[in-house]
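Okay, here's the structure, questions in a sec.
The analysis underlying the following values was restricted to heavy atoms, covering all of them including side chains, and did not include hydrogens, waters or symmetry mates. Lettering follows sequence order; numbering is per chain, from 1.
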Amino acid sequence: DVKVTQSSRYLVKRTGEKVFLECVQDMDHENMFWYRQDPGLGLRLIYFSYDVKMKEKGDIPEGYSVSREKKERFSLILESASTNQTSMYLCASSLQGAKNIQYFGAGTRLSVL
Amino acid sequence: AQTVTQSQPEMSVQEAETVTLSCTYDTSESDYYLFWYKQPPSRQMILVIRQEAYKQQNATENRFSVNFQKAAKSFSLKISDSQLGDAAMYFCAYRFWGAQKLVFGQGTRLTINP
């Protein structure tokens, strides 16, 4: 079974803190994704990566950055957390190719106070 | 830009009955894929069913089937013989054949009444 693991289920941070969300997949997938999930808005893509050190902006990249130094690991960074970044963050991975399934992690619920 | 719309924020159904979740999408492309994902409470999102746009036959996976109407840009999910374990958020998603990213709808929360 494909496993996508997010390092934390719940995080509470202060405004202005630098926050790291980590995601690891064990299926040698080329693609990795970070989404934000908010009620009534569904999932919105923040960034994705199609190879090590390669990244592309998604629909809502402002206030976020990413890092992919190894194929299996994709990190989402909030440089200076703000209260409007309180949300559920989902990581996903897939093989390249549009028909391929994205596999999701369990999510990290981040609260910024 | 492609968009996906799920117009039913919440649905409920009696156990063992059938329910249909609606999804419409907007695209100018002719080759693409459509997906339904399920997100159970506090659990990981998993794929329910996938449809290739070039296939006229509707996809089926056990109790789950779709009604794909390409001209109407409609992609509904039918769940037959609903079970308590079907309770979840359901997301419809679109992916253009040449793209890697998914475009998601707003989600529909499905409740199963015993």
Residues in residues 65-92 of chain A that sit under 4.5 Å from chain B, counting heavy atoms only: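 Those residues of residues 65-92 of chain A which have a heavy atom under 4.5 Å from chain B are A/L90.
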
Cluster overlap B/I112 with B/L21, hydrophobic side-chain contacts below 4.5 Å: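 Both belong to a single hydrophobic cluster.
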
A/V19 reachable from A/L113 in the ILVMFWY side-chain graph, under 4.5 Å edges: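 In one cluster with A/L113: A/V19, no.
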
Nearest heavy-atom neighbours spanning A/S94 and B/R95: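 Minimum heavy-atom contact is OG-NH2, 4.3 Å.
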
For B/R63, side-chain contact (heavy atoms from CB on, under 4.5 Å) partners two or more places apart: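 Expected list: B/I79, B/D81, B/Q83, B/D86.
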
From CG (A/N100) to OH (B/Y33), nearest 0.5 Å: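 Result: 8.5 Å between the selected atoms.
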
Contact leader toward chain B among A/G40, A/G42, A/G107, A/P39, where contacts are heavy-atom pairs under 4.5 Å: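 Most heavy-atom pairs under 4.5 Å with chain B: A/G42.
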
Considering all heavy atoms, the nearest B/Q44-A/V4 contact: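 B/Q44 and A/V4 have their closest heavy atoms at NE2-O, 3.7 Å.
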
Leading residue by heavy atom contact count with chain B [cutoff under 4.5 Å; candidates A/Q37, A/Q6, A/R109]: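 The residue among A/Q37, A/Q6, A/R109 with the greatest pair count is A/Q37.
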
Qualifying salt bridge (Lys or Arg N to Asp or Glu O under 4.0 Å) pairs, either residue in residues 26-35 of chain B, two or more places apart: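 Qualifying pairs: B/D26-B/K73.
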
Test item: B/Q106 and A/L41 side chains (from C-beta on) under 4.5 Å apart, heavy atoms: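 Result no, sub-4.5 Å side-chain heavy-atom pair not found.
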
Residue pair B/L102 / A/Y35, side-chain heavy-atom distance below 4.5 Å: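 Sidechains of A/Y35 and B/L102: in contact.
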
ILVMFWY network linking B/W97 to B/Y94, side-chain heavy atoms under 4.5 angstrom: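 Result: yes, single cluster for both.
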
Toward chain B: residues of residues 43-64 of chain A with heavy atoms under 4.5 Å: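 Listed by number, the contacting residues are A/L43, A/L45, A/F48, A/D59.
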
Max heavy-atom pair count under 4.5 Å with chain A, selected residue of B/S42, B/P9, B/G107: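 Looking at each option in turn, the highest pair count goes to B/S42.
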
Shared hydrophobic cluster, B/F91 / B/V103 (ILVMFWY, side-chain heavy atoms < 4.5 Å):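 Looking at the clustering, B/V103 is in the same group as B/F91.
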
Verify same cluster id: A/L110, B/M45 (apolar side-chain graph, 4.5 Å):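 A/L110 and B/M45: separate clusters.
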
Check against side chain to side chain contact (heavy atoms under 4.5 Å, CB included), B/F35 and A/Q102: CA-CA 10 Å; B/F35 305 82; A/Q102 286 191 16; over 6 Å; no

Any donor-acceptor N/O pair, A/Y103 side chain to B/I46 backbone, under 3.5 Å: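 Side chain of A/Y103 to backbone of B/I46, a donor-acceptor pair under 3.5 Å: no, none is there.
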
Top of B/Q39, B/M89, B/E52 for chain A proximity - count of heavy-atom pairs under 4.5 angstrom: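 Highest number of heavy-atom pairs under 4.5 Å: B/Q39.
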
Shortest non-hydrogen contact from A/N31 toward B/Q100: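 Closest heavy-atom pair between A/N31 and B/Q100: ND2-OE1, 2.6 Å.
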
Contact class of B/Y32 relative to chain A, heavy atoms under 4.5 angstrom: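 No part of B/Y32 comes within 4.5 Å of chain A.
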
